[in-house]
**Q** 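A single structure is presented below for examination.
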Protein chains: 2
Amino acid sequence: MCKLSSVRDQRQQPPTRRARLRAETTREIKAIALDHAAAGGPDAISLRAIARDMGMTAGAIYSYFPTRDDLVTTLINEVYEALTEAVSAALAPVPPEDAARRILVWGEAFRAWALANPAGFKLIYGDAVSGYRAPEGGAAPEPEHRACTIVTGLVAAAWPEAAPTQSGRTYEWSDFGAALVAAVRREYPELPPAGVALALRMWGRTHGLVSLEVYGHLGAMVHDPAPVYRAELLDMIRSIGLTPPE
Amino acid sequence: MCKLSSVRDQRQQPPTRRARLRAETTREIKAIALDHAAAGGPDAISLRAIARDMGMTAGAIYSYFPTRDDLVTTLINEVYEALTEAVSAALAPVPPEDAARRILVWGEAFRAWALANPAGFKLIYGDAVSGYRAPEGGAAPEPEHRACTIVTGLVAAAWPEAAPTQSGRTYEWSDFGAALVAAVRREYPELPPAGVALALRMWGRTHGLVSLEVYGHLGAMVHDPAPVYRAELLDMIRSIGLTPPE
DNA sequence: TGCGTTTTCTACACGGCGTTCAGATTTCAT
DNA sequence: ATGAAATCTGAACGCCGTGTAGAAAACGCA
């Protein structure tokens, strides 16, 4: 029996030697797992292979993660967080007023990250790990909400122009998930439910082409998907009442 | 050593008893594999499990498929074909002149099939099977081209109205894959390269929301993705210069 | 300092997987 | 009827995740 919550409180200024080693080993496990995923796809994440690379036995990893699926869940969360951070970083230098350019930069940053980290993309949005079953509530609810909130922020900034274009159908707050609604109403109080629907559509719209490209379905069709994707982004910006940059 | 091309010519009116048995067994292997995929996800496709269900040994399947990946490739092709046939069937009763309604029906048929066959969708568009490596040229080039041609046909029918909306960027035939270009120029000679780019964008646009929904990323955000998806389809129809039905 | 507890790790076992191979059996063409 | 080809079994190999028992190491406290 191993108490996996050994690092219970970190009130101690000098964390015990054990805690330091444990943190380091945990970090190494995750790093090697991500290396394997990057090299041979997310399915290459195997406890035995990781342990082999670390000079350990497979069983030893169970001192750090109760099961392989927990390791995968942790990885999904970290990778998803890396994605949202990459997008946020790309968005940071763009002034909040320039809603159109922010959408463009967001879309391009998302695609750039996905193409640079295909294994991570598949880990987040696909089913690539053999028998992996995500915990209830999804594998990475927090990063997913954060990602969704970023898109919603883009819509909120553009809402004065976008609102007239979204008169087709009416939405209620009750149409959406409680956690998302709470975050949106807190961060963007002026945004109506229709704005959330638009954000989800924009998320899906970018996800589609990027997903097709990452999984190799676009390569046989078009030699360079970049202009097609760029055209889609510009069209999306135009379709919500903004004038695209350039 | 087994000659896997035993059914070389079917000029014989009465196919030999062997050939009949072989065809039946092949059919059964694929059917059981698809059952397993539908039940436990595409990753549940295992030669041992299939053989167990058939009262055989795993090795026996190697008389019908040289390797597991070949079986998977065959399944992907058949499932992809089923998808294009489902979409074509839904499209059949809609008159060719009603370009807007055809796009709407196409989009809804695609989503309906994906939701009814999530395992098939993941098989086609995802990475779900453990160590599967697709053959060069993709796992299912023919059905993929057919699917792509269907979308292009929708664009071709709408091109008189759509053309003015697609003036942003110019495309050349050389931007696209040779096989796709050949099929398009043969079937829709009046369609310029920009029409193919628009078709790819429409493909991606629908793929995005459907993919997010199938993989469960939309469920936590919106209780019923149908209206969001419908709004996206209507917006897409509008964005190419058509007036949406209803 | 030394002792008892906790954590970490090894060694082994179990059942699952794809794949290969020798050999038995069945079917077919001649 | 005979020889060739196709089909299938059963055992093996090495991979996998997951447990369990027990050894070894590090720790906290007296």
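Letters go in sequence order (proteins before strands), and every chain restarts at 1. The structure presented is a predicted model; accordingly, all values stated were derived computationally and were not measured. Side-chain atoms are counted along with the backbone in the values below, which use heavy atoms only and exclude waters and symmetry mates.
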**Q** Using the six-membered ring wherever Trp is involved, compare the ring planes of B:Y125 and B:F121 and label them parallel, tilted or perpendicular (cut-offs 30° and 60°).
**A**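 B:Y125 vs B:F121 ring planes: tilted.
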**Q** Can you give each donor-acceptor pair under 3.5 Å made by side-chain atoms of residues 40-54 of chain B, sequence neighbours left out, with the distance rounded to 0.1 Å?
**A**
from, atom 1, to, atom 2, distance (Å)
B:D43, OD1, B:S130, N, 3.0
B:D43, OD1, B:S130, OG, 2.6
B:S46, OG, B:A49, N, 2.9
B:D53, OD2, B:H36, NE2, 3.0

**Q** What's the separation between atom CD in A:E78 and atom CG in A:L34, rounded to the nearest 0.5 Å?
**A**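 A:E78 atom CD to A:L34 atom CG measures 7.0 Å (nearest 0.5 Å).
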**Q** By the definition side-chain contact (heavy atoms from CB on, under 4.5 Å), identify the one residue from B:N77, B:L83, B:N117 that meets it with B:I124.
**A**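 Output: one option passes, namely B:L83.
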**Q** If the plane angle is over 60° it's perpendicular, under 30° parallel, otherwise tilted; pick one for B:F176 and B:Y171.
**A**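 Because their plane-to-plane angle lies in the 30° to 60° range, the rings of B:F176 and B:Y171 count as tilted.
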**Q** Anything under 30° is parallel, anything over 60° is perpendicular, the rest tilted; go ahead and classify A:H217 against A:Y215.
**A**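 Rings of A:H217 and A:Y215: tilted, as their planes differ by 30° to 60°.
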**Q** How many whole angstroms separate atom CZ of A:F65 from atom C1' of D:dG19?
**A**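 Taking atom C1' of D:dG19 as the reference, CZ of A:F65 is at 19 Å.
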**Q** Taking only side-chain nitrogens and oxygens of A:T67, does any of them come within less than 4.0 Å of OP1 or OP2 of D:dT18?
**A**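 For D:dT18, OP1/OP2 do have a side-chain N/O of A:T67 under 4.0 Å.
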**Q** Applying a 4.0 Å non-hydrogen cut-off, can you work out what A:I45 is touching in the nucleic acid: base, sugar-phosphate, or nothing?
**A**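 It contacts sugar-phosphate atoms only.
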**Q** A:D43 CG to C:dG18 C1': how many Å, rounded?
**A**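 Roughly 13 Å, once rounded to whole Å.
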**Q** With a 4.0 Å heavy-atom cut-off, tell me which residues in residues 46-58 of chain A come close to DNA chain C, sorted by residue number.
**A**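 Residues of residues 46-58 of chain A that come under 4.0 Å of DNA chain C are, in numerical order, A:R48, A:G55, A:M56, A:T57.
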**Q** Please give, in whole Å, the distance from D:dA6 C1' to B:I61 CD1?
**A**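 After rounding, the reported distance stands at 16 Å.
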**Q** Could you check B:L21 against B:G59 and say which one's nearest nucleotide on DNA chain C is further toward the 5' end?
**A**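 Looking at DNA chain C, the more 5' nearest nucleotide goes with B:G59.
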**Q** Check whether any side-chain N or O of A:Y62 sits under 4.0 Å from OP1 or OP2 of D:dG19, and answer yes or no.
**A**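 The answer is no; no side-chain N or O of A:Y62 sits under 4.0 Å from OP1 or OP2.
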**Q** Quick check for you: among D:dC8, C:dT7, C:dT19, whose closest atom lies nearest to any side-chain atom of B:R68?
**A**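 Minimum distance to the B:R68 side chain belongs to C:dT19.
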**Q** Let me know the distance between CG of B:D69 and P of C:dC17, rounded to the nearest Å.
**A**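 Rounded to the whole Å, the gap is 16 Å.
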**Q** Looking only at side-chain N and O atoms, does B:Y64 come under 4.0 Å of OP1 or OP2 in D:dA6?
**A**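 No, B:Y64 has no side-chain N/O under 4.0 Å of OP1/OP2 on D:dA6.
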